[in-house]
Each structure stands twice: as structure tokens, then as C-alpha cells.
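This report concerns only the one structure given below.
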Amino acid sequence: MSSTTRSDRTAWRAIAALCVGFFMILLDTTIVNVAMPAMIEGLRASLNDIIWVNSAYLLTFAVPLLLTGRLGDRFGPKRVYLTGLTIFVLASLACGLAGSAEVLIAARAVQGLGAAAMTPQTMAFITHLFPPHRRGAALGVWGSVAGFATVSGPLLGGVLVTQLGWEWIFFVNIPIGVLALALVVRRVPDWRPGRSHRFDVLGVVLCCLGLGLVVFGVQNGEHYGWGRVAGPITIAEIIVAGVVLLVVFVLWQAARRNPEPLLPLRIFGNRNFSLGNIANVIIGFSVTGLFVPLVLFVQTVPKLTAFEAGMLTAPTSLMSGVVAFFAGRWSNGPRAKFLPITGFALLGLGIGVMTLQLGGSPWVLLPALVVVGGGMGMVYSPLTNIATKTLDPQLMGAGAGIYNTSRQFGGVLGSAGTGAVLQIVLAATGDFTTATRAALLMLVVSTVVGVTAAVLMRRETGMRDSGRASDPGLPVTRPS
């Protein structure tokens, strides 16, 4: 057996092992949606409380990604991945045992921290194990897993909520997590880049506080009547404070006194990377924002069971995963940008058709959901490949952290934004169908931004050679 064949098998086994845990953490971004009505009843919680169960996870998932990629560089991605996986499994146990909305929100926040530790390490291994001209296939698998996981949540959640109770959407992570731990320990090489990083503590604090205040203000605005929260502090002041802190964060990243910023701004000199991150925010916003109101709607108005709601979204999962697998392979060509262009157009078309069909039988939504799944699959893998392929190898670690952050940041905004629209329109009209339609129309508009970003990407005529990057000594031979 040639060394190339052996290295290929080693690389694919490592990716398969990492994808088990990756599937689990992305599954948890949507599995909660179908359980929301059951949790509202079981925990005697408000709609705003339960939306925070989702947003808390997405927020603590998103913010540390800029830091956890650096931790992988310093201590080794395998070690950081295993640490995050352990935290995630233990937090899942705490979620299942939670007896109040407050405890559940706190446990979900810890879950997000574990997920944040894991995600950049998966991408770091892909970019190290596969050279640029072969990375499309690996990213196709990665995107396929992301697609299956993101939209399989409602289906699996529906089965578990109906048969066992909402707690089991968290307990199911325990056997999956134990399997993932065993596979990673056995199959993933202990690659240690050994890069010594200074950690931008001030940057982390500014980013965390800024994002946290903005999300709190947007999502809780209706809850506080867009007025005072405590004493003289108002929702508007909280949102403005959050925006100011994010502006200060960007200025600090550009400051000469910051020796190693979390967000090296020179990386945005790469046009495809910059536009890819804009589009990445939009896909996170659109997909997360879609399933929050949709799953609530079908269980509130036509009164589908949790299992039926999951079955309704199952074709989306299948189509997204299948299309993502092939789209990743196609994304190595010079016309790759037409994949996300088409994907965003299909996503917007599918959501737009659903806004017109609300109010009838929920099953008439199936064709539109299939179109949505196809669109998602055409965005995930190709967008990742296009955005990161021509990055300077020295910026690849930071690029992976930024790229992962942008999608999760989009998800946070999607959850908070659609939650806010639902509450505002519901308070004004008392009609859940009208509120859901308003939330979906907002998502249709967002896909226009995604199409525009993809159109403006440069058509690739080549790729930057990653051979100049230092070899950290991973015992896998790269194919020539």
C-alpha cells in the first residue's frame, strides 16, 4: 500500500471521528426548536425564556470561537477538542436535569462554550490534512454533516419529545458524546502546532459584552415594552452600549498596541474571504431564523405534534445533506461562486413561497422546504471553500476562527431577530400566523444580501499554494 493511500485513509478516519462530535454540537443548534412548546409547559416558562434557551447556546458558541482557534494552535487541536467535548457532554446532562428555565439557560450557555472549543479544531484538521486542490471533497463531507445536523434537529427532537419527553433532547448527547470521545482518542493524531500565542483578553471581554448586550436588547425589547429594564436603564441604551463596545472592539483589533489581535483586520484584504463572511452571517441568520418561527407555528396553529413537526422538516435535512456532499466537490472549479449564488436564490424562493402558504395545511409546505434544503446544501461547503482557499497560510488559523464565528453570529442574530419579530407582531395583532409570516419575510430579504455577496466574489483562476506553511510534524503525508 502506497504512503499516499495510507495517508488518505488516516486523514479520512480522523475527519470521520471529528465529525461525530461536530454533528452533535450543530444538532443542538436546532433540536431545541421542536421542544419549545413542551418546555414552555413543563418548565412553566414564557416564550421569551425558551427563545433564550436557544440564544444562550448560540451566543456562547459564537463569541469564544475567535479565542479557541488560538488555543488549538498552542495546546494542540486534539486536546482542545477533547476538552470541549467533555464540557459539552457534562453540560448536556445538566440541561436534561434542569428544573427551571433559568437553570436550563445557564446549562445551555456552558454547552455553547464546549461547542466553541470543538468547532475550530475540526476545520484546522481539514486545512492541515488536505492540500487546497483536494480540500473540496473534505469540505463537502464537512458541509454535508453540517447540513444534516442543522436540519435533523427538529426530526430527532420530535421523536424524543413525543416518546420520552423534552429532557431527552439533551440526554441523547451523552452516548453520542462518549462515542465521539472514543473515536477521537483512537483515530485522530495528536498534532501540536506549538505556536505560542498571546491571548487578547481585552478583545474577548469587549466582544462578549458587546454581542451579549445587543442580543439581550433585541430579544428582550418586547418583553420590557422597549422601555426601562432596571432603574433608569432602557432597552435602547443597552443596544447602543453593545454597539459602542463592538466598535471599540474593532478599533482595539486595529491598534498598534495590540500585539496579537483576535481579529487581524488585514485578513479582510482578501476579497473572497470578506464577502464569504458576509454571506456566512446570512446563511446562519436565515437557517436558524427559519426554524425558530416555523416549528413553533406548526405546533401552535395547525397543532402538529412534535413528531409530525419533525417529519415535516425531514426532507429539508435529506436534500441539504445530499446536495452539500456533491456541491463541496464541485466547488473546486473556477465557476464555484455560482453554487452559493444559486443556493441563496433557492433559499429565498423557498422561504418566500412558504410565507404565501401559511394558513393552509402545513403539509403543503413540503415542496418549499425541499427547495430550501437544496439551497442550503449549495451554500455550506462551496462558500467555505471559496472563502478560505486563497488565504495566506499564516492567517489560516485566524481565518478559521473568524469564519466559524461569522456563521454562529448570524445564528445568534437569527434567533434573536425572529424571536423579537414574533413577539412584536404577536403583541400587536394577537395572530401567530401573521407574526410568523412577518418573521419569514425578514429572512427573504436577508437572502438578497447573501446573493449579492456571492455575486461580488472573484472568479478564481488559481489558488495560493499552502506549501509555504510550516509543517508541524503531523504523521500524515500530504499527497502531491
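Keep in mind it's a predicted model, so treat the numbers as computed, not measured. Just so you know, these numbers use all the heavy atoms, side chains as well, and skip hydrogens, waters and symmetry mates.
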>> Test your reading of the model: is there a side-chain donor-acceptor pair from Q111 to the backbone of A107, 3.5 Å cut-off?
In response: no

>> Are E237 and V229 packed together at the side-chain level, in the sense that at least one heavy-atom pair is separated by less than 4.5 angstrom?
In response: no

>> Do V53 and I50 have side chains that approach each other closer than 4.5 Å (heavy atoms only, starting at C-beta)?
In response: yes

> Are the side chains of Q121 and L18 in touch, meaning some heavy atoms are under 4.5 Å apart?
Replying inline: no

> Below 4.5 Å, heavy atoms only, C-beta onward: do V412 and L211 meet side chain to side chain?
Replying inline: no

> Hey, does F61 have a side-chain heavy atom less than 4.5 Å from the side chain of D28?
Replying inline: no

>> If you apply the rule side-chain contact (heavy atoms from CB on, under 4.5 Å), what do you find for E41 with W166, and how did you get there?
In response: CA-CA 10 Å; E41 182 179 351; W166 67 263; over 6 Å; no

> Would M376 and T316 satisfy side-chain contact (heavy atoms from CB on, under 4.5 Å), going step by step from the backbone distance to the final call?
Replying inline: CA-CA 9 Å; M376 289 165 55; T316 313; 4.2 Å; yes

> Quick one: does T162's side chain have a donor or acceptor within less than 3.5 Å of a partner on V159's backbone?
Replying inline: no

> Considering all heavy atoms of both residues, which atom of V425 and which atom of A438 are nearest to each other, and what is their separation?
Replying inline: CG2-CB, 3.9 Å

> Are the side chains of L312 and L366 in touch, meaning some heavy atoms are under 4.5 Å apart?
Replying inline: yes

> Can you find a side-chain donor-acceptor pair between T447 and S286 that sits under 3.5 Å?
Replying inline: no

> Angle class for the F88/Y57 ring planes (parallel below 30°, perpendicular above 60°, tilted otherwise)?
Replying inline: perpendicular

> Where the side chain of S446 meets the backbone of L443, is there a donor-acceptor pair that is under 3.5 Å apart?
Replying inline: yes

>> Would you say that L290 contacts V372 through its side chain, given a criterion of any heavy-atom pair below 4.5 Å between the two side chains?
In response: yes

> Taking all atoms of both residues into account, what is the closest heavy-atom pair of D49 and I105, and its distance?
Replying inline: O-CD1, 3.7 Å

> Looking at side-chain heavy atoms only, is the closest gap between N280 and I283 below 4.5 Å?
Replying inline: yes

> Is the CZ atom of F307 crowded by more than 12 outside heavy atoms at less than 6.0 Å?
Replying inline: no

> Can you name the closest pair of heavy atoms from F216 and Y224 and give their distance?
Replying inline: CZ-CE1, 4.0 Å

> Roughly how far, to the nearest 0.5 Å, is CD1 of I15 from CH2 of W12?
Replying inline: 7.5 Å

>> Are more than 12 heavy atoms, taken from residues, nucleotides or ligands other than W168, located less than 6.0 Å from that residue's CH2 atom?
In response: no

>> For V215 and L58: C-alpha separation, side-chain torsions, deciding distance, then whether side-chain contact (heavy atoms from CB on, under 4.5 Å) applies.
In response: CA-CA 11 Å; V215 171; L58 293 171; over 6 Å; no

>> Minimum heavy-atom separation for I169 and V32, please, with both atom names.
In response: CD1-CA, 4.0 Å

> Would F171 and L93 count as a side-chain contact (heavy atoms from CB on, under 4.5 Å) if you check the C-alpha gap in whole Å, the side-chain angles of each, and the deciding distance to 0.1 Å?
Replying inline: CA-CA 6 Å; F171 289 148; L93 177 61; 4.0 Å; yes

> Would you say the side-chain atoms of T60 pair up with the backbone N or O of A56, donor to acceptor, closer than 3.5 Å?
Replying inline: yes

>> Rounded at 0.5 Å granularity, tell me how far CG in L318 sits from OG1 in T313.
In response: 11.5 Å

> Got a sec: does the CZ of F326 have more than 12 other heavy atoms crowding it under 6.0 Å?
Replying inline: no

>> Within this structure, what is the OH-OG1 distance for the pair Y380 and T384, rounded to the nearest 0.5 Å?
In response: 10.0 Å

> Which pair of non-hydrogen atoms, one from L43 and one from S100, has the smallest distance, and what is that distance?
Replying inline: CD2-N, 3.8 Å

>> Return the CG to CD1 distance between N277 and I282, rounded to the nearest 0.5 Å.
In response: 11.5 Å

> In Å, rounded to the nearest 0.5 Å, how long is the span from CG of L369 to CD of Q357?
Replying inline: 9.0 Å

> Shortest non-hydrogen contact from V80 to A117?
Replying inline: CG1-O, 3.5 Å

>> Please check: side-chain N/O of T68 versus main-chain N/O of A116, any donor-acceptor pairing under 3.5 Å?
In response: yes

